[in-house]
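So the structure is just underneath, and the comments pick up after that.
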2 protein chains.
Amino acid sequence: MRHHRSDVVEHAIAVLDAYGLADLTMRRLASELDVRPSALYHHFANKQTLLAAVADELLARGLRPVDEGEWDVRLTQAASQVRDALLAWRDGAELVATVHAFGLGGRAAYDHVAEALEGCGLDEQWRATAARTVLHLVFGHATAEQTHVQASSAGAIDGEVAAVDDFSDGLSLVVAGIRAEVDSRRAS
Amino acid sequence: MRHHRSDVVEHAIAVLDAYGLADLTMRRLASELDVRPSALYHHFANKQTLLAAVADELLARGLRPVDEGEWDVRLTQAASQVRDALLAWRDGAELVATVHAFGLGGRAAYDHVAEALEGCGLDEQWRATAARTVLHLVFGHATAEQTHVQASSAGAIDGEVAAVDDFSDGLSLVVAGIRAEVDSRRAS
DNA sequence: ACCTGAACACCGTTCAAGT
DNA sequence: ACCTGAACACCGTTCAAGT
């Protein structure tokens, strides 16, 4: 019953999806792997590092190349992909947002969004600001949506639909703001 | 040595600011109040409820009425006030963002931003979406900035200045997006 | 109304030692 | 390389009982 790093990450994702982030403890994960808690520290320096690896894996599983085309379509697709990657697992948004805020992992999300903005006509500084703004919306919205699974079963369906619409509306707001900046650069 | 709810909240803010959110534990707070941990449960049902009260108090201390004027100026001022209210205390952004995501408190932040959008020409649905988008930016940006106090002392000053600029640039992006939506409504 | 005492069921992490 | 055993220093929460 000996394991590799990848086994640990895989089981961690399973625990996350089945029991939620609060129950993804080192002790719980260890018992799921049929191992003592201290064994996990052979694979990861600490829990934060393990969570960062889990976050990176969630993103790696959810992100694929965005289609060629105009920057605004690409950006919308990239942001939606990140969102979907987070929402695909229980507490996925909170996990990735926490890891990202801590500065350890989740870098792939930023890169994915930033790449879609290349060649939009803004300089690197503005593209970075725009990418971070989009990412804050994606993380914040997905976290709020995922944490708010405290609705009635009837209302939950309406709530989900409303959340999808609200996200795409919010994203269109940010995209419109970026477009205004792009146009002002083109005019001058 | 008997205390009221307000004493507990006040001491909780002091512990937060001095030691950070991770060290704001029920046991730590109790010992700071010279009381057994179980005594806290006479004032609050659980830790989440206590944190919600702390978040509300932080916002109450930082928010004041925004000036009369155009919606975009008011919105910028409101968003900056929320941001400043969070940054005024150690881990203030993470605390309020967490409480807000959990849906218990921090409602004042949304109300403050939403109020600035009244009379901008958008219907209530769009104003709510715009307010949430701004709030995601404020929370996300402030949390990232506050968590990233892991720079060299020399670089830290530059980092702070850069963060302020990046926030106001990101905010101007969102404001421009809202303006585009306002103008499209006016045209039709 | 506000607090104590004592317990319950947990955490993350370290480290010497085993195979 | 990977794991055990045993410990250390913590958590949030409950509840009968005290004043």
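Each chain gets a letter, A, B and so on, in the order its sequence line appears, and its residues count up from 1. Keep in mind that the numbers below use all heavy atoms, side chains included, and drop hydrogens, waters and symmetry copies.
- For residues 15-23 of chain A, proximity to DNA chain C is found at no residue, defined as any non-hydrogen atom under 4.0 angstrom from a strand atom.
- Residues passing the side chain to side chain contact (heavy atoms under 4.5 Å, CB included) test with Gln48(B), sequence neighbours excluded: Asn46(B), Phe102(B), Leu104(B).
- Using a 4.5 Å cut-off between side-chain heavy atoms of Ile, Leu, Val, Met, Phe, Trp and Tyr, with links allowed through other members, Leu58(B) and Tyr19(B) fall into the same hydrophobic cluster.
- For the pair Asp23(B) and Val15(B), the minimum side-chain heavy-atom distance is 4.5 Å or more.
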Using a 3.5 Å cut-off and no angle test, enumerate the donor-acceptor pairs between side-chain atoms of residues 85-99 of chain B and protein atoms at least two apart in sequence or in another chain.
unit_1, atom_1, unit_2, atom_2, d
Arg90(B), NH2, Ala18(B), O, 3.0
Asp91(B), OD2, Leu21(B), N, 2.8
Thr98(B), OG1, Glu94(B), O, 2.7

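- Separation of atoms NE2 (His11(B)) and CG (Leu40(B)) is listed at 11.0 Å; rounding is to 0.5 Å.
- For the pair His3(B) and dC3(C), the criterion of a side-chain N or O lying under 4.0 Å from OP1 or OP2 is met.
- Pairs of residues two or more places apart, or lying in two chains, that qualify as side chain to side chain donor-acceptor pair (under 3.5 Å) and include a residue from residues 65-74 of chain A are Asp72(A)-Arg179(A).
- Between the CG atom in Leu173(A) and the CG atom in Leu137(A) there is a gap of 9.0 Å [rounded to 0.5 Å].
- Atom name C1', nucleotides dA16(D) and dC3(C): the rounded distance is 13 Å, in whole Å.
- Between the CZ atom of Arg36(A) and the C1' atom of dC15(C) there is a distance of 17 Å, rounded to whole Å.
- Distance CG (Leu40(B)) to C1' (dC3(C)): 11 Å, rounded to an integer number of Å.
- The shortest distance between side-chain heavy atoms of Val164(A) and Arg83(A) falls below 4.5 Å.
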Under 3.5 Å, N/O pairs linking protein and nucleotides 17-19 of chain C:
none

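- The side chain to side chain contact (heavy atoms under 4.5 Å, CB included) test applied to Ala53(B) returns Arg5(B), Val9(B), Phe44(B), not counting sequence neighbours.
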Below 3.5 Å is the cut-off: list the nitrogen or oxygen pairs between protein and nucleotides 12-14 of chain D, distance only.
unit_1, atom_1, unit_2, atom_2, d
dG12(D), OP1, Met26(B), N, 3.2
dG12(D), OP1, Lys47(B), NZ, 3.0
dG12(D), OP2, Met26(B), N, 3.0
dG12(D), OP2, Arg27(B), N, 3.4
dG12(D), N7, Arg27(B), NE, 3.2
dG12(D), N7, Arg27(B), NH2, 3.2
dG12(D), O6, Arg27(B), NH2, 2.5
dT13(D), OP2, Tyr41(B), OH, 2.8
dT13(D), OP2, Lys47(B), N, 2.9
dT13(D), O5', Tyr41(B), OH, 3.3

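- Residue His42(B) has no polar side-chain atom (N or O) positioned under 4.0 Å from OP1 or OP2 of dT4(C).
- With a cut-off of 3.5 Å on both pairing distances, the Watson-Crick and G-U wobble pairs of DNA chain C assemble into stems of 3 or more at C:4-8 with D:12-16, C:12-16 with D:4-8.
- Applying the side chain to side chain donor-acceptor pair (under 3.5 Å) criterion to Arg61(A), with sequence neighbours excluded, gives Glu57(A).
- Residue pairs meeting the side chain to side chain donor-acceptor pair (under 3.5 Å) criterion with at least one member in residues 121-135 of chain A, sequence neighbours excluded, are Thr129(A)-Asp166(B), Arg132(A)-Asp166(B).
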Give the table of side-chain donor-acceptor pairs shorter than 3.5 Å for residues 107-114 of chain B, with sequence neighbours excluded, one pair per line with atom names and distance.
unit_1, atom_1, unit_2, atom_2, d
His112(B), NE2, Gln81(B), OE1, 2.9

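- Annotation: side chain to side chain contact (heavy atoms under 4.5 Å, CB included) contacts of Ser80(A) (sequence neighbours excluded): Thr76(A), Phe167(A), Leu171(A).
- Taking atom CG on Leu51(B) and atom P on dC11(D), their separation rounds to 14 Å, with Å as the unit.
- Inter-residue side-chain proximity for Leu29(A) and Leu50(A) is flagged as met; some heavy-atom pair is nearer than 4.5 Å.
- In this structure, Leu33(B) places its CG atom 13 Å from C1' of dC2(C), rounding to the nearest Å.
- Rounded to whole Å, the separation between the P atoms of dA17(D) and dC2(C) comes to 22 Å.
- Distances shown here put every side-chain N or O of His4(B) at or beyond 4.0 Å from the OP1 or OP2 atom of dA1(C).
- Remark: the separation of the C1' atoms in dC8(D) and dC11(C) is 12 Å, to the nearest Å.
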